Amino acid sequence: MTGNVKTSDKAPNGFEIIPSGINLLNEADSPLPMDTTGKVEAELDTRLDSRFIDLRKPGTNAIFRIRHEVLNSVRKYLSSNNFIETSTPKVVATATEGGTSLFPITYFTTEAFLNQSPQLFKQILMSGGMDRVFEIGPIFRAEEHDTRRHLNEATSIDIESSFCDHFDVMEILENMISNVYSSVKQNSQKQLDELGIDLEIPEKPFLKLKYEEAIDIVNQNSEEELVWGDDLGTSAEHIIGNDVFERTGQSHYFIIDWPTEIKPFYAMPDENNPEISKSFDLMHRTMELASGAQRIHHHTMLSERIESQGLNPDSFDFYLDAFRFGMPPHAGWGIGCERLLMTMLGTENIRDVVLFPRDRRRLSP
RNA sequence: GUUCGGAUAGUGUAGUGGCCUAUCAUGGAGCCCUGUCGAGGCUCCGACUCGGGUUCAAAUCCCGGUCCGAACGCCA
């Protein structure tokens with residue numbers, strides 16, 4: 001449309017165009033798959049089937065502009081703290097950590113898998129003298145989970161840093177989270193307004209709750225009878241999250257001092273008490289956001305840990321070799337980008353913050 | 001994977017055996033009105049997830065399939 005733009009008190013936006021010409025660029029079919037004006041809600045499933053229309057709604061659009069701001073501020077923050085961005089393979093020969101199921105694919109004539117985490121590769125880089133690295137990329141999990149907070153393809157923000165322990169990287173993590181919140185508040189206020197969100201920046205430092213304290217909270221506040229060594233289930237996470245929130249008014253906190261047995265093989269056992277590992281989870285009141293640890297940097301110890309978790313060290317040669325020629329002590333973490341966004345914006349479903357989510361039932365669009 | 005719940009116009013919904021040739025909103029088509037609003041008024045259009053069963057009678061009850069949601073499990 002061409003014409004003169006005039007200010008007008010009566011126009012909803014404060015201005016209007018007095019047209020002198022209209023040129024039809026392309027016609028739209030009718031009816032539309034859903035309403036874009038906010039008069040009639042559409043269910044998530046309907047919206048995802050027609051993302052191209054859904055994205056025309058200001059609220060949906062705002063989410064993805066904020067997502068950009070989150071990733072942009074993560075890159076800026078980590079870069080300015082001497083981390084360099086890396087890209088590691090998503091097509092891999094073996095399971096990363098053994099725990100979760102992987103998607104098998106055909107790679108020419110052999111079987112390969114989609115990677116569940118850049119973990120092993122970023123550790124290899126530590127041996128190569130790339131002292132501080134980060135990666136933002138897709139991870140794939142073949143778990144048949146069916147919840148509001150799981151995806152089969154997610155975006156992971158990962159760091160690894162040499163000459164650091166778990167406390168050092170926890171500090172980087174909480175600083176980064178705080179920085180992301182500030183950046184979004186500063187640069188995406190229009191989008192936050194569109195979503196009706198008054199963003200509160202989490203207070204630092206985040207509470208550090210010991211695993212054994214977390215267990216006590218659950219046992220005191222519920223019917224559950226957890227014993228040392230048990231993993232924390234969903235309802236336990238909620239009980240702990242609510243307890244922390246009531247006491248501190250904060251949604252973010254760390255759980256530290258996890259039993260070595262329930263953490264991945266590469267987590268460093270505590271020197272004074274090997275039953276406990278130098279690992280942590282970053283929790284939000286509603287769910288787990290990140291996990292990290294100081295890593296084992298001794299070849300022999302690592303090889304033994306792989307074996308004791310029922311895995312075959314031979315299939316980890318490509319990884320273990322990096323520990324034989326001078327691996328510095330190092331630590332790192334990985335945080336789910338979608339969970340970070342979801343908890344920040346308070347969306348009901350993680351699929352709300354992914355353009356084209358992949359879950360157990362959805363492979364298209 | 002387990003348990004529970006659901007599926008009605010393009011979209012979101014009402015309807016728990018006969019009053020359903022199925023409600024309302026939004027949308028579309030048309031007419032009227034109108035400096036502004038999600039403009040308004042009127043007319044019309046458009047749907048019971050699929051298959052089987054019960055019954056004189058099924059959107060409604062029963063069985064199975066498909067799809068969807070929630071909690072849990074698993075995990076980030």
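Lettering follows sequence order; numbering is per chain, from 1. Owing to the predicted nature of the structure, the values given are computational and were not obtained by experimental measurement.
Among the atoms of the strands shown, only primed sugar atoms or phosphate atoms (P, OP1, OP2) are found under 4.0 Å from some heavy atom of A:Glu288. Within the nucleic acid shown, A:His238 comes within 4.0 Å of sugar-phosphate atoms alone, with no base atom in reach, counting heavy atoms only. Using a 4.0 Å heavy-atom distance criterion, A:Ala42 is classed as a sugar-phosphate-only contact. Using a 4.0 Å heavy-atom criterion, one finds that A:Leu151 contacts the bases of the nucleic acid, with or without backbone contacts as well. Nucleic acid contact class of A:Gly233 (heavy atoms, under 4.0 Å, all strands): sugar-phosphate only.
Distance A:Met287 CE to B:A70 P: 12 Å, rounded to the nearest Å. Atom pair A:His252:NE2 and B:A76:C1' shows a separation of 15 Å (rounding to whole Å applied). Rounded to whole angstrom, the span from the CG atom of A:Leu173 across to the P atom of B:A76 amounts to 15 Å.
Of the candidates A:Leu302, A:Leu120, A:Ile124, A:Thr300, A:Leu320 forms a side chain to side chain contact (heavy atoms under 4.5 Å, CB included) with just one, namely A:Leu302. Each of A:Lys57, A:Arg51, A:Arg47 was scored for a salt bridge (charged side-chain N to carboxylate O under 4.0 Å, His left out) with A:Asp352, with one residue passing: A:Arg47.
Residues A:Arg149 and A:Glu348 are not paired through a salt bridge, judged by the lack of any N-O separation under 4.0 Å between the basic side chain and the carboxylate. The pair A:Lys190-A:Asp193 fails the salt-bridge criterion, with no side-chain N (NZ, NE, NH1 or NH2) lying under 4.0 Å from an Asp/Glu carboxylate O.
Remark: B:G64 base-pairs with B:C50; criterion is Watson-Crick or G-U wobble with both hydrogen-bond distances under 3.5 Å. Nucleotide B:A59 forms a pair with no other nucleotide shown, judged by Watson-Crick or G-U wobble geometry with both contacts under 3.5 Å. When Watson-Crick and G-U wobble pairs are counted only if both distances are under 3.5 Å, B:A39 pairs with no nucleotide at all. Remark: B:U3 base-pairs with B:A70. Criterion, Watson-Crick or G-U wobble with two distances under 3.5 Å. Shown here, B:U16 forms no base pair; nothing in the strands shown gives a Watson-Crick or G-U wobble contact with both key distances under 3.5 Å. Under the Watson-Crick or G-U wobble criterion, with both distances below 3.5 Å, B:C44 is paired with B:G28. Judged by Watson-Crick or G-U wobble contacts below 3.5 Å, the nucleotide B:U23 has no partner.
Cluster partners of A:Ile139, using a side-chain heavy-atom cutoff of under 4.5 Å among ILVMFWY residues and allowing indirect links: none.
Minimum atom distance to the side chain of A:Glu237 is reached by B:C75, of the listed B:G12, B:U26, B:C75. Comparing B:A76, B:G12, B:G1 against the side chain of A:Asp146 picks out B:G1 as the nearest. Side chain of A:Thr234, nearest nucleotide from B:G73, B:A76, B:U11: B:G73. The side chain of A:Thr147 lies closest to B:G73, out of B:C75, B:A76, B:G73.
Looking at A:His252 and A:Glu174, their side chains never bring a donor and an acceptor atom within 3.5 Å of each other.
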Item to check | Intermediate values then yes/no, salt bridge (charged side-chain N to carboxylate O under 4.0 Å, His left out), A:Asp45 and A:Arg351 | outcome: CA-CA 10 Å; A:Asp45 203 46; A:Arg351 295 160 182 83; over 6 Å; no
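Near RNA chain B, meaning a heavy atom under 4.0 Å away, the residues from residues 342-365 of chain A are A:Asn349, A:Arg360, A:Arg361.
In this model, a side-chain donor or acceptor of A:Glu16 finds a partner on the base of B:G35 within 3.5 Å. Contact of A:His145 with B:C75 (side chain to base): no donor-acceptor pair of N or O atoms is detected under 3.5 Å.
Contact annotation: A:Thr46 side-chain N/O to B:G12 OP1/OP2 distance is under 4.0 Å. Not one side-chain nitrogen or oxygen of A:Ser30 sits closer than 4.0 Å to the OP1 or OP2 atom of B:G10. Between A:Arg148 and B:A71 there is a side-chain polar atom (N or O) within less than 4.0 angstrom of OP1 or OP2.
Where A:Met34 and A:His150 meet RNA chain B, the nucleotide closest to each residue was compared, and A:Met34 sits on the side nearer the 5' end.
Taking 4.5 Å as the limit, every side-chain heavy atom of A:Tyr266 sits out of range of all side-chain heavy atoms of A:Ile296.
Closest heavy-atom contact between A:Thr260 and A:Pro274: OG1-O, 2.7 Å.
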